[in-house]
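Structure, as structure tokens:
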Amino acid sequence: MAFKTGLLLATALFPMSAFAQVVPEAQRSAIVAGIDKRSPELAATAQTIWGWSEVGYQENRSSALLQTQLKKAGFTVEAGVAGMPTAFVARFKQGEGPVIGILAEYDALPGLAQTTDPTKTGIAGKAAGHGCGHNLFGAASVASAIAIREWMIANKVQGELRVYGSPAEEGGSGKVYLVRAGLFDDVSAVLHWHPGDSNGVSTGRSMANISGKFRFHGVSAHAAASPEKGRSALDGVEVMDVAVNFLREHVPSSTRIHYVITSAGEAPNVVPDFAESYYYVRNVDPAIVKSVWERVTKAAEGAAIATGTTTDHEITGGVYSMLASETLARVMTRNLEGVGGEQWSPEETAWATTLQKSLPTQKPLASVQAVDGRERGPDGGGSTDVSDISWTVPTIGLNTATWVPGTPAHSWQAVAASGTSIGTKGAVVAAKTMALTAADLFLSPQTLAEAKAELLKARGADFRYEALLGNRKPALEYRKPTPAWEGKTR
Ligand SMILES: [Zn+2]
Ligand SMILES: [Zn+2]
């Protein structure tokens, strides 16, 4: 997909003053009341999806539940878009006007199953858990969209509202395929949110990344009787890892490289003929990610030569770094400040006090009541596939306190809180803030034009979008083990 470059407008277009509210107070109150009314359903939906904990591209029930709610509320739902069975676009259109998109996620993480106890407690027979709170993400975005639709109808607002059901955020890069398929080309602005441990509009730059699996193929043999006949695929993996660990010294220092070995043979007395490692390369600069990834690939080739094995690899994910819209951040900040933080009951505070004892960082629990305003946050940290959208359409999001302060994402503590009313209260703050922001944008063509001009300027005149994962089809199997090589016993 190529982008037309527009005229670069003078910086005078981007005044630093706060956004002037355009939606009348009575309508704002009605939007907020609509979400309060819907919050029991939001909570039930979030907890149902939390209980299912479906991992990337396997979120069949979670996606279907959100689609059903949107259809019931009057949206037209197109399922299975961009080659992903669990992706969808829900639309509500009323006349001609701006197109505002809201993102919904719903995938869980492997290996993080946890009850809602405030102490570490696994669940027998269950592996995955909502350690990134995407159960809340999907439920709140849908509740928010339903409230915006009601406001559009009540006030005869012209335009189109969309909910993008985007699967496999965790390593599957689901949104990249939505962008690549052109599903955002006619969108004026995109809103999103993410569970967290504080309330703030997020304008920091996340990391671009490429992730993929390196597979080595060798020859099996008895490890004691005829080792000279064997060629160990695991040797290939280990030599590659050593080479990459030396490579770390010679890449830009803000680069992150991490891996796990996902297949390493099964018995020491059999030379393994198949082994695999799963790599991530990250940097805020997508160009650096691309160049370091190429060098990691060379390390794999060198390891194969050294060990007499062969290697191939598959890129399973690739995302840009976030390009948050400053223009839209002003609108969202004002709305978040109006909505305010969360108020916990004495029971919720007691639960949080117990859980907090397990956290490495102790932050005041009362901080969830506050709004941090606009968080310019440090560049770096994790990665998100929202980033590819942010290079395509003016995009802004917020974090809300759905977890006990000090909780890191992808932890059992995050899973536990995401299944409780503490999680739901943060999700309600997000739903209200997104709904009020969408309403403001529907009525502010000037703001949308400024946001567009800002994006064109930020990404540069010669920018052409090329997905970091290339033109591959969605990696629908990335959460499943790689099948045995050529049917050989491993
Ligand atoms: Zn995550
Ligand atoms: Zn997440």
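Positions are given from 1, in the same order as the sequence printed here.
For Lys298 and Glu301, the salt-bridge test passes: some basic side-chain N is under 4.0 Å from an acidic carboxylate O. Between Asp440 and Arg330 there is no salt bridge, since no side-chain N of the basic residue sits under 4.0 Å from a carboxylate O of the acidic one. One finds a salt bridge joining Glu78 and Arg91 here, because a Lys/Arg side-chain nitrogen approaches an Asp/Glu carboxylate oxygen to under 4.0 Å.
Using a 30° and 60° split on the angle between ring planes, Phe442 and Trp151 fall in the tilted class, from 30° to 60°.
Between the NE2 atom of His134 and the CD atom of Glu170 there is a distance of 4.5 Å, given to the nearest 0.5 Å. Distance check, rounded to the nearest 0.5 Å: NZ of Lys480 to CD of Gln58 gives 5.0 Å. Note: Ser198 OG to Trp403 CH2 = 10.5 Å, rounded to the nearest 0.5 Å.
Judged by distance alone, the side chain of Arg459 and the main-chain N or O of Trp391 form a donor-acceptor pair under 3.5 Å. Ser173 places no side-chain N or O within 3.5 Å of a backbone atom of Val319 that could act as its donor or acceptor partner. At least one donor-acceptor pair under 3.5 Å links the side chain of Ser411 to the backbone N or O of Pro408.
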Output a table of donor-acceptor pairs, distance under 3.5 Å, between side-chain atoms of residues 137-145 and any protein atom two or more places apart or on a different chain; print 'none' if there are none.
| from | atom 1 | to | atom 2 | distance (Å) |
| --- | --- | --- | --- | --- |
| Ser141 | OG | Leu103 | O | 2.7 |
| Ser141 | OG | Phe137 | O | 3.0 |
| Ser144 | OG | Ala431 | O | 2.8 |
| Ser144 | OG | Ala435 | N | 3.3 |

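Checked against side chain to side chain donor-acceptor pair (under 3.5 Å), His192 has no partners two or more places apart in sequence or in another chain.
Checking Tyr280 against Arg282 by side-chain atom types alone, no donor-acceptor pair falls below 3.5 Å. In the model, Asp241 has a side-chain atom that pairs as donor or acceptor with a side-chain atom of Tyr279 under 3.5 Å.
With ring centers used as reference points, Phe214 lies 6.0 Å or more from Tyr259.
Residues Leu191 and Leu441 approach most closely at CD2-CD1, 4.2 Å, considering heavy atoms.
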